[in-house]
*Asks:* 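Starting off with a structure, shown below.
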Amino acid sequence: MEVRARAPGKIILTGEHAVVHGSTAVASSIDLYTYVYLHFSTPSDDGDLLKLQLKDTALEFSWPVSRIRAAFPESAALLTCTPTSCSVENAKTIAALVEELNIPEAKIGLAAGVSAFLWLYSSIQGFKPATVVVTSELPLGSGLGSSAAFCVALASALLACTDSVSLDLNHQGWRSFEEKDLELVNKWAFEGEKIIHGKPSGIDNTVSAYGNIISFKSGNLTRTKSSMTLKMLITNTKVGRNTKALVAGVGERMLRHPEIMAFVFSAVDSISKELTSVLKSPTPDELSVTEKEEKIEELMEMNQGLLQSMGVSHATIETVLRTTLKYKLASKLTGAGGGGCVLTLLPTLLSGTVVDKVVSELESSGFQCFIAGIGGGGVEINFGVTS
């Protein structure tokens, strides 16, 4: 049996950092995906191995199924599709399995993802020999939710081959899960995210699983469907950032200037709420589309100004802002800041020639550019695939 799953990445449209201080933030799925292909071995296949191929990094790992069974003896009797957290004892066992792989030092950051893979696979499928192939359109570590998309796609592929979800195996092409099955996928993906990040918010995996737009405030998530199609230019500055340090820096600025920062966070909250209202409102004609895009551009610019006042911009982010401003395009950082990615709204009536010029100029500065639609669907499954 074989199955392929794809899960989208995510962007933060508004509300970064302020959300930590009680403001509303708005996240959206993007149509850049992580793909997981799962093929269960047959007796004619070579060996009794569980294989993980990470195509984008040209790495392949394998474990004898007997080795995994010996590492998780209790799982043989407790195999269940009920989402289960990885215990401290199991985490140590997985760490030992990963350490044996001798992952190159330059790619050691992938170890957490491999650990999440081992936990999700052994928990949902047990000890079946199989090959799992992962490819992704999302750059790693850039704030676009690559780890969440991996966990969502992996959990989807694994669960699709169980009786825990309702899927038509004869359906051709990509298809979505039912609502109750999406909830199960999302809970399992969150367990994988916990292995990778320790204490994730759950926002990234929820956006990847369900798609569309999600507003979140004080731990409460509200799913929204956009009434309009938006395209964003996403510019990866390729500058790594320390999210924890950036969050701490904003917190310190709050302590030094409590009244001022309270006004900043309140303004961000208002921006997020207005953006959600604009995205939800009906769009009957081309004129209203243009008017809404102009409002979104203004909201993005205001949010970026407030992020700069929080101290989370970066020289490379400012370079992207200056470049896109020359073409009268609105941009803002997305995520933690201090590097990472920048969003630029591409209006519906913008010519392809202008887009090409902007992309060319940004890439000549050493940046990586993607064009993505936002607010689309979530994770999908395809049974009619070949390797």
*Asks:* For residues Leu138 and Gly145, report the shortest heavy-atom separation together with the two atoms involved.
*Replies:* CD1-O, 4.3 Å

*Asks:* Extract all donor-acceptor atom pairs below 3.5 Å that involve side chains of residues 152-159 and protein atoms in other chains or at least two apart in sequence.
*Replies:*
from	atom 1	to	atom 2	distance (Å)
Ser156	OG	Val152	O	2.7

*Asks:* May I have the step-by-step check of side-chain hydrogen bond (donor to acceptor under 3.5 Å, both in side chains) for Ser208 and Lys10, ending in yes or no?
*Replies:* CA-CA 7 Å; Ser208 186; Lys10 74 93 180 56; over 6 Å; no

*Asks:* Counting only heavy atoms from other residues, nucleotides and ligands, does the tally under 6.0 Å from NZ of Lys180 exceed 12?
*Replies:* yes

*Asks:* Would a hydrophobic clustering, with Ile, Leu, Val, Met, Phe, Trp and Tyr connected at side-chain separations under 4.5 Å, put Val239 with Ile12?
*Replies:* no

*Asks:* Between Val207 and Ser28, is any pair of side-chain heavy atoms under 4.5 Å apart?
*Replies:*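 No, their side chains stay 4.5 Å or more apart.
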
*Asks:* So that I can tick it off, tell me whether Glu191 and Lys194 are bridged by a salt bridge, with the cut-off set at under 4.0 angstrom between side-chain N and carboxylate O.
*Replies:*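 The answer is yes: the pair qualifies as a salt bridge.
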
*Asks:* Does Glu274 have more than 12 heavy atoms from other residues, nucleotides or ligands lying within 6.0 Å of its CD?
*Replies:*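 12 or below, so no.
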
*Asks:* Do the non-hydrogen side-chain atoms of Leu118 and Leu97 ever get within less than 4.5 Å of each other?
*Replies:* yes

*Asks:* May I ask you to say whether Glu291 pairs ionically with Lys295, meaning some side-chain N is under 4.0 Å from a carboxylate O?
*Replies:*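 Answer for the salt bridge query: no.
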
*Asks:* So how far is it from Glu193 CD to Asn186 CG, rounded to the nearest 0.5 Å?
*Replies:* 10.0 Å

*Asks:* I'd like to know if the side chain of Thr84 pairs up with that of Ser123 as donor and acceptor (distance under 3.5 Å, no hydrogens or angles considered).
*Replies:*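 No.
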
*Asks:* Looking only at heavy atoms, what is the nearest atom pair of Ile195 and Ala112, with distance?
*Replies:* CG2-O, 4.1 Å

*Asks:* May I ask you to test the Thr334-Val342 pair for a side-chain heavy-atom distance under 4.5 Å?
*Replies:*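 Result no, sub-4.5 Å side-chain heavy-atom pair not found.
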
*Asks:* How many angstroms lie between atom CG of Leu120 and atom CZ of Phe150, to the nearest 0.5 angstrom?
*Replies:* 7.5 Å

*Asks:* Just to verify, what does Phe61 make a ring-ring contact (aromatic ring centres under 6.0 Å, His included) with, not counting sequence neighbours?
*Replies:* none

*Asks:* What distance separates Ile381 CD1 from Cys161 SG, expressed to the nearest 0.5 Å?
*Replies:*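 One gets 7.5 Å once the value is rounded to the nearest 0.5 Å.
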
*Asks:* Kindly indicate, with the supporting measurements, whether the criterion side-chain hydrogen bond (donor to acceptor under 3.5 Å, both in side chains) is fulfilled by Ser331 and Gln304.
*Replies:* CA-CA 8 Å; Ser331 302; Gln304 175 59 30; over 6 Å; no

*Asks:* Could you check whether Arg6 makes a cation-pi contact with Tyr35, meaning its NZ or CZ is under 6.0 Å from the centre of the six-membered ring and within 45° of the ring axis?
*Replies:*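 Pair Arg6/Tyr35 does not count as cation-pi.
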
*Asks:* Distance from Thr224 atom OG1 to Ile213 atom CD1, nearest 0.5 Å?
*Replies:*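 Going from the OG1 atom of Thr224 to the CD1 atom of Ile213 covers 7.5 Å.
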
*Asks:* So, Asp31 side chain and Pro8 main chain: donor-acceptor pair closer than 3.5 Å or not?
*Replies:*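 It does not hold such a pair.
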
*Asks:* Taking side chain to side chain contact (heavy atoms under 4.5 Å, CB included) as the criterion, tell me which of Met302, His21, Met310 meets it with Val268.
*Replies:* Met310

*Asks:* In chain order, what residues pass the salt bridge (Lys or Arg N to Asp or Glu O under 4.0 Å) check against Lys55, with sequence neighbours excluded?
*Replies:*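 Salt bridge (Lys or Arg N to Asp or Glu O under 4.0 Å) list for Lys55, sorted by chain: empty.
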
*Asks:* Shortest non-hydrogen contact from Gly192 to Cys151?
*Replies:*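 Result for this residue pair: C-SG, 3.6 Å.
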
*Asks:* Distance-only, no hydrogens or angles: does the His39 side chain make a donor-acceptor pair with backbone N or O of Ala130 under 3.5 Å?
*Replies:* no

*Asks:* Treating Glu137 as the side-chain partner and Tyr33 as the backbone partner, does any N or O pair qualify as donor plus acceptor under 3.5 Å?
*Replies:*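 Judged by distance alone, yes, a pair lies under 3.5 Å.
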
*Asks:* Could you check Arg4 against Trp174 for side-chain contact (heavy atoms from CB on, under 4.5 Å), going step by step and ending with a plain yes or no?
*Replies:* CA-CA 9 Å; Arg4 200 178 191 206; Trp174 293 104; 4.0 Å; yes

*Asks:* Any side-chain heavy atom of Asn212 within less than 4.5 Å of one from Arg223?
*Replies:* no

*Asks:* Do the non-hydrogen side-chain atoms of Leu167 and Glu178 ever get within less than 4.5 Å of each other?
*Replies:*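 SC-SC contact between Leu167 and Glu178 ruled out.
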
*Asks:* Suppose we screen for side-chain hydrogen bond (donor to acceptor under 3.5 Å, both in side chains). Which residues come up paired with Ser272, at least two apart in sequence or across chains?
*Replies:*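 Ser272: side-chain hydrogen bond (donor to acceptor under 3.5 Å, both in side chains) contacts with Thr14.
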
*Asks:* If I take atom CG from residue Asp48 and atom OG from residue Ser62, how far apart are they, to the nearest 0.5 angstrom?
*Replies:*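 Interatomic distance, Asp48 CG to Ser62 OG, rounded to 0.5 Å: 11.5 Å.
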
*Asks:* What is the ring orientation for Tyr121 with Phe40, classed by angle as parallel under 30°, tilted 30 to 60°, or perpendicular over 60°?
*Replies:*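 Tilted: the ring planes of Tyr121 and Phe40 meet at 30° to 60°.
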
*Asks:* Can you tell me if Asp269 and Thr24 form a side-chain donor-acceptor pair at under 3.5 Å?
*Replies:*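 Indeed, the side chains of Asp269 and Thr24 share at least one donor-acceptor pair under 3.5 Å.
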
*Asks:* Identify whether Leu307 and Phe216 are in the same connected component of the hydrophobic contact network (ILVMFWY, side-chain heavy atoms under 4.5 Å).
*Replies:* no

*Asks:* As an exercise, state the distance from OG1 of Thr348 to CE of Met228, rounded to the nearest 0.5 Å.
*Replies:* 6.0 Å

*Asks:* Does Leu279 reach the side chain of Ile296, with side-chain heavy atoms less than 4.5 Å apart?
*Replies:* yes

*Asks:* For Ala262, does its backbone N or O pair with a side-chain atom of Ser266 as donor and acceptor, under 3.5 Å?
*Replies:* no

*Asks:* Check for me, please, whether Leu144 and Val26 land in the same ILVMFWY cluster - side-chain distances under 4.5 Å, paths through other members count.
*Replies:*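 Yes, same cluster.
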
*Asks:* Is a side-chain donor or acceptor of Lys231 paired with a backbone partner of Pro347 at a separation under 3.5 angstrom?
*Replies:*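 Checking the backbone N and O of Pro347 against the side chain of Lys231, no donor-acceptor pair under 3.5 Å is found.
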
*Asks:* For a side-chain hydrogen bond (donor to acceptor under 3.5 Å, both in side chains) check, start with the C-alpha distance between Ser147 and His197, then their side-chain angles and the critical distance, and finish with the verdict.
*Replies:* CA-CA 9 Å; Ser147 68; His197 294 296; 2.8 Å; yes

*Asks:* Any donor-acceptor pair under 3.5 Å linking the side-chain atoms of Ser227 with those of Lys280?
*Replies:*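 Absent: no donor and acceptor within the cut-off.
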
*Asks:* Any luck finding a side-chain donor-acceptor pair between Ser87 and Asn90 under 3.5 Å?
*Replies:* yes

*Asks:* Is Ser218 close to Val19 at the side-chain level, that is, under 4.5 Å between some pair of heavy atoms?
*Replies:*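 Not in contact.
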
*Asks:* Do you know the tightest heavy-atom contact between Arg241 and Gly339?
*Replies:*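 So the minimum-distance heavy-atom pair works out to CD-C, 4.4 Å.
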
*Asks:* Spell out, as yes or no, whether a donor-acceptor pair under 3.5 Å connects the side chain of Ser146 to the backbone of Ser142.
*Replies:*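 Not a single qualifying donor-acceptor pair exists.
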
*Asks:* Is there a side-chain contact between His314 and Thr237 (heavy atoms, below 4.5 Å)?
*Replies:* no

*Asks:* Can you give the donor-acceptor pairs under 3.5 Å from side chains of residues 246-259 to other protein atoms, not counting sequence neighbours?
*Replies:*
from	atom 1	to	atom 2	distance (Å)
Arg253	NH1	Ser309	O	2.6

*Asks:* Check residues 354-378 and write down every donor-acceptor pair under 3.5 Å in which the side-chain atom is one partner and the other belongs to a residue at least two apart or another chain.
*Replies:*
from	atom 1	to	atom 2	distance (Å)
Glu361	OE1	Tyr327	OH	2.9
Glu361	OE2	Lys326	NZ	2.4
Ser364	OG	Ser360	O	3.4
Ser364	OG	Glu361	O	2.6
Ser365	OG	Glu361	O	3.3
Gln368	OE1	Asn236	ND2	3.1

*Asks:* If you compare all heavy atoms of Leu182 against all heavy atoms of Ala209, which two are closest, and at what distance to 0.1 Å?
*Replies:* CD2-O, 3.3 Å

*Asks:* According to a hydrophobic-cluster definition based on side-chain heavy atoms being under 4.5 Å apart (Ile, Leu, Val, Met, Phe, Trp, Tyr only), do Ile30 and Met300 belong together?
*Replies:*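 Both belong to a single hydrophobic cluster.
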
*Asks:* With no hydrogens and no angle check, just 3.5 Å: does a side-chain donor-acceptor pair link Ser313 and Gln308?
*Replies:*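 No, no side-chain donor-acceptor pair sits under 3.5 Å.
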
*Asks:* Looking at every non-hydrogen atom in both residues, tell me the closest pair between Val278 and Ser281 and how far apart they are.
*Replies:* O-OG, 2.9 Å

*Asks:* Quick check on the hydrophobic clustering: are Trp188 and Ile196 connected, directly or via other members, by side-chain heavy-atom contacts under 4.5 Å?
*Replies:* no

